[in-house]
Structure formats: structure tokens, C-alpha cells
Visitor: 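One structure is given below, represented as C-alpha cells, and several questions about it will come after.
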Number of protein chains: 2
Amino acid sequence: MVSKLPRKETSRKPNMREAILAAAEELFSVNGFNAVSVRDIAQAAGANPGSVTYHFKTKDGLLLEIYQRHCAPMNLRRSELLAAAKRIRDPQDRLEAIVRAYVLPAFSSGSDLAGGGARFTRLRATMSAEGNEVARRIIAQTFDETSHAFIDAICECLPAVPRTEIVWRSHFLLGALYYTLVTPERVSRLSRGDADGSDAGEAIEHLVQATVASFQAPALDRPELARPRPATPPKARANPGPVVPR
Amino acid sequence: MVSKLPRKETSRKPNMREAILAAAEELFSVNGFNAVSVRDIAQAAGANPGSVTYHFKTKDGLLLEIYQRHCAPMNLRRSELLAAAKRIRDPQDRLEAIVRAYVLPAFSSGSDLAGGGARFTRLRATMSAEGNEVARRIIAQTFDETSHAFIDAICECLPAVPRTEIVWRSHFLLGALYYTLVTPERVSRLSRGDADGSDAGEAIEHLVQATVASFQAPALDRPELARPRPATPPKARANPGPVVPR
DNA sequence: CATTTGTTTGTACTATTGTACAAATAAGTC
DNA sequence: GACTTATTTGTACAATAGTACAAACAAATG
């Protein structure tokens, strides 16, 4: 990654810039952007506050750099996996492979290696919830393209399901993914110890299985699929309960 | 809306306390806890900064009050809907009604009325992502009980699916729910306008349908269901791709 | 060696933060 | 009316925020 090869791999200069990035990534992903001060980051990285300013100019610049560091490699990884998945003949198997290709890089825990990684995904989740402006811009730019590619690939597996439906369901997938990375301990708690929310392997398998099933469900049989919707509220089959709010 | 009927419907004293709560709820849910200052809240509520301190003592106290204002009514509403759903005979229909009972109060948009409401749910999502300590304490206390009730009810509909599996899938449901409230515009964007992520009715229907399908999926057919897992990686049926990370 | 370049340190500045508190005002009670 | 209580205002304070910048230091090149 670093352009010019370092003269000797001395331990005395462990690349402060990298340490700051790693510390910031960790702190941001756990506490959010605003709760973490530049001084917190510097301390966690064993650096001087001024050093952060030197390398990244501003706090926003630091966040930006974290994104730019991860986005390209992660999307590349996803594309590779997606391409491999698309080569599978059987639509059923292909669908599962596609979902796996989407989920896997998001969970991979390469410390700071190019595969994306759970920490970065968690950071994205947190920034998304905080409504971070820097993050919002980058996400729409960088991820929508990949998202569309996955949606298209899934659509091909499920010709009966309209694209809009796939969009919704893959949106749910991303939400589930994010939330699992943000609050893994909740799974452990609610399962009374039978599951470990922090176990990436476990989470991936359950998530893939559940998501594939949701994708394969028949589309909403409401005649008003698209935007203009009639006044009749969607009638739940056997639920006499209250009507949709608003 | 205002609880105690005001002496005369003068516009001069519109219950400042309530206005502050509403403003804080809105601001927190959109920007997170840390990005919003007490002064921001006061200004949005048309109040004086000191007034916030007077009513809620601290900023944490304000957040606490928001939770306490909503938790009880919302869980009550959920319990009612759950009880009604459980009376449905057919397991298939019952499952859908249960899921709907879980989802509906979270989306209801009663301005600040007792039904819970999308704004409060969004706030919970944001606090959860930020790792807010005040929120974390209340959530584990207040919501786990309801969550267990729902999980149990779902288990009864699906005797073939182990409880752990249900826990995972309902966790995914909550994540999807949260994310849809946090980033509704993403759905609109990715669907190229065919769907409206901010339309609660639309979101609920898609979410319920997808979730019910995911619940009905057969459990992972891995012999190592519980915690101790052997070394053999879970073999995806047709995916020759990379093994589970870490 | 001297010089240049890149990095780290220390400190300082201004803005904003949460909170405290006294004074002012409104509301309610007798 | 006078008196008490509740609320709102205005201002102040200490702490912390992000950032700027000069000095110190390190490394490499000539």
C-alpha cells in the first residue's frame, strides 16, 4: 500500500500515520464520530494531538481518509466474489453465493488489511446512524454502484420478484448486518448464551440463510406495487389489528 | 396532545417542558446525542438553555426522560397487539400477526402520543449505534422482556426451528427496522424512485413479508447448532469461495 | 559535515460545551 | 391586594473542543 518501500523495517518508526488511522477507526466505530476527540485518538495511537492535524489536516479529513483507505479494496473484493458467484449455474445456489459475497467482506476481520473488515463496516453503521455528512457523501458515491450490481445479480436469480422488492429486502439485509456488528452482545443475551453475536462465522451463516429465505419469498401480492397507492389499506390476511399508521 | 387541559388555550404557555422533550427527541434521533448541544435543543424548542437544566437537570437526564416517556406505553401497545395475535389459530397467520405486532408500534407516527413512534425508534437506533451508556442501560432493562415474549410467541408458531435461530432472525428484524428508519432515502435512491423508504405503510408491509419468510426458513442444518463448534468450516453448498474469515 | 525534508512535539487560541445560579417574571393561593 | 411557588431568563464559569503554529527533532541526500 505504501508507495515508496521503507528502507529498513525498523521498529522505531511504526508509521504513526497508520497508528492514528487504526485508533481513529476503532474509536469512531465504537463511540461515534462526535464523542471521540482528536486528543482521544492521539492518545490511543500513542501520538501527539498535533500529529493528527499534520497528517490529516482536520478531523473530517481523518474520517475521509479512513473511508478512502477501505472503500476501493472492499468493493474490489466484493466484485470478485460476486463475479465468482455469478458463474454458478443453479439459481438457488447462485443466490446464496451472491448473498454470501455481499456479506463476507463486511465481516472479515483482517486487522487493517484490504478486505474491508468488520471494524470498518461497524464504523459505517455508526456514521450512518449519526447522520454524518462526510460519510453520507462518500457512501452514496462509492457504495451505490456495488449495491446496484448485487441487486441486479439477485434479480436474475429471481425473475418472479420485482426489482423494488429486491431493493427493500437487500436494504433489510444491510440493516441486519449493521446491527449485528453494532450490538452483538444482544444476541448472546437474548439467546441466553446459546449463540455468540460476536462470532463472525456464526453471524454470517445465520444472516445468509435468513436473507436467502426472505429473498425467495413471493412478492407482495398487492396490485399497487409502485408508487401511486390507492386508499385501501393493505389488508393483512388474518390480522384484525389496527391499520397502518399515519 | 397536551396532558393536562390548559386553563385557557393561550399561546403563551405551550408547556415548555414538552416542547423541549419533543425538540430533543427529534434532534437526537437525527444527529445523535453528542452532536446536539443543550443550546441547540433550547433554540429548537424556543426555550432558554437554562430552562433545560431546570426541567431535566442534566443532558443525560433529558435523554432518560425521553426514554421513560415512551418505553412503558410502547411496550404496553406491543403487548396488546401480541396478545391479540396469539389468539389466532392458524400458525402461519399467527406468525405474521406477531411480526406485525412487533413492527407496527415502532413505526407509528403519533406526534408524541403514547404509541411509541418512529421518531423514538429512530432515536433508539441512533443511541444504539453511538453506544450511548444511558440508553444501553434502559434498553436491556426495558426491552429484553418484551423481546423474549415475542421470541417465545414466534417459537410456538415454528416448533421445528430452534430458539437460537429465532433469536438471530428477530435480531435481524430489529436491525432492518432500525436501518429503514435511519436511512429511508437509501431505499428511494436504490429503487430509482419506485419505492418510498419514508412511507411507513410500505416499509412495514415489505418488512413483515420478508421477515415472516426468513422465520419460516428451515434451521441451519449444521449438526453443531450450539456454542461448541468443530473445526470444519460451514460448507456452503455451491460456493467454492473463501472460507469464513478470522 | 551542512542542508533539506519530513515528522513530532508543545503550547496557545478561540469557540463551544454542560452546568450553575441569581435575578426576573408568571402563576397560584390565601 | 400580599405572599408563595414555579418557571424562565441572562449571564458566568470551568472544561474541553478543533485547529494553528513555531520550535525541536529525525532521516536522508548532497
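Below, read A as the first sequence line, B as the second, and so on, with proteins coming before strands; counting in each chain starts at 1.
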Visitor: My understanding is that only residues two or more places apart in sequence, or in another chain, count here; which of them pass ring-ring contact (aromatic ring centres under 6.0 Å, His included) with Y67(A)?
Guide: F120(A)
Visitor: I need the CD1-P distance between I20(A) and dG6(C), as an integer number of Å.
Guide: 17 Å
Visitor: Not counting sequence neighbours, which residues clear salt bridge (charged side-chain N to carboxylate O under 4.0 Å, His left out) with R169(B)? List them please.
Guide: E165(B)
Visitor: For E185(B), which residues count as a side chain to side chain contact (heavy atoms under 4.5 Å, CB included) partner, sequence neighbours excluded?
Guide: R136(A), T183(B), R189(B)
Visitor: Tell me: CE of M16(B) to P of dT8(D), nearest whole Å?
Guide: 7 Å
Visitor: Do any side-chain atoms of residues 31-41 of chain B form donor-acceptor pairs under 3.5 angstrom with protein atoms, and if so which ones, sequence neighbours left out?
Guide:
residue : atom : partner : partner atom : Å
N34(B)  : ND2  : E130(B) : OE2          : 3.4
S37(B)  : OG   : R39(B)  : N            : 3.4
S37(B)  : OG   : D40(B)  : N            : 3.0
S37(B)  : OG   : D40(B)  : OD1          : 3.4
S37(B)  : OG   : D40(B)  : OD2          : 3.2
D40(B)  : OD2  : S37(B)  : N            : 3.1

Visitor: Expressed in angstrom and rounded to an integer, what is the separation of N48(B) atom CG from dG10(D) atom P?
Guide: 6 Å
Visitor: Please determine if a side-chain N or O atom of Y54(B) lies less than 4.0 Å away from the OP1 or OP2 oxygen of dT7(D).
Guide: yes
Visitor: Using 30° and 60° as the class limits, which term best fits the ring planes of W168(B) and H171(B): parallel, tilted or perpendicular?
Guide: perpendicular
Visitor: Between H55(B) and dT8(D), is there a contact of a side-chain N or O with OP1 or OP2 at under 4.0 Å?
Guide: yes
Visitor: Rounding to a whole Å, what distance do you find between I41(B):CD1 and dT17(C):P?
Guide: 11 Å
Visitor: Got a list of side-chain donor-acceptor pairs under 3.5 Å for residues 50-57 of chain A, not counting sequence neighbours?
Guide:
none

Visitor: So for the helix from dC1(C)-dG30(D) to dC13(C)-dG18(D), with five pairs setting each end axis, what is the inter-axis angle to 10°?
Guide: 0°
Visitor: Rounded to the nearest Å, what distance is computed from the CG atom of residue N15(A) to the C1' atom of nucleotide dA26(D)?
Guide: 15 Å
Visitor: Walk along nucleotides 16-24 of chain D from 5' to 3' and tag each nucleotide B, S or - by protein heavy-atom contact under 4.0 Å, base first, then sugar-phosphate.
Guide: -BBB-----
Visitor: With sequence neighbours left out, write down each residue that passes ring-ring contact (aromatic ring centres under 6.0 Å, His included) with F143(A), or none if nothing qualifies.
Guide: none
Visitor: If the condition is ring-ring contact (aromatic ring centres under 6.0 Å, His included), which residues does Y178(B) pass it with, not counting sequence neighbours?
Guide: Y179(A)
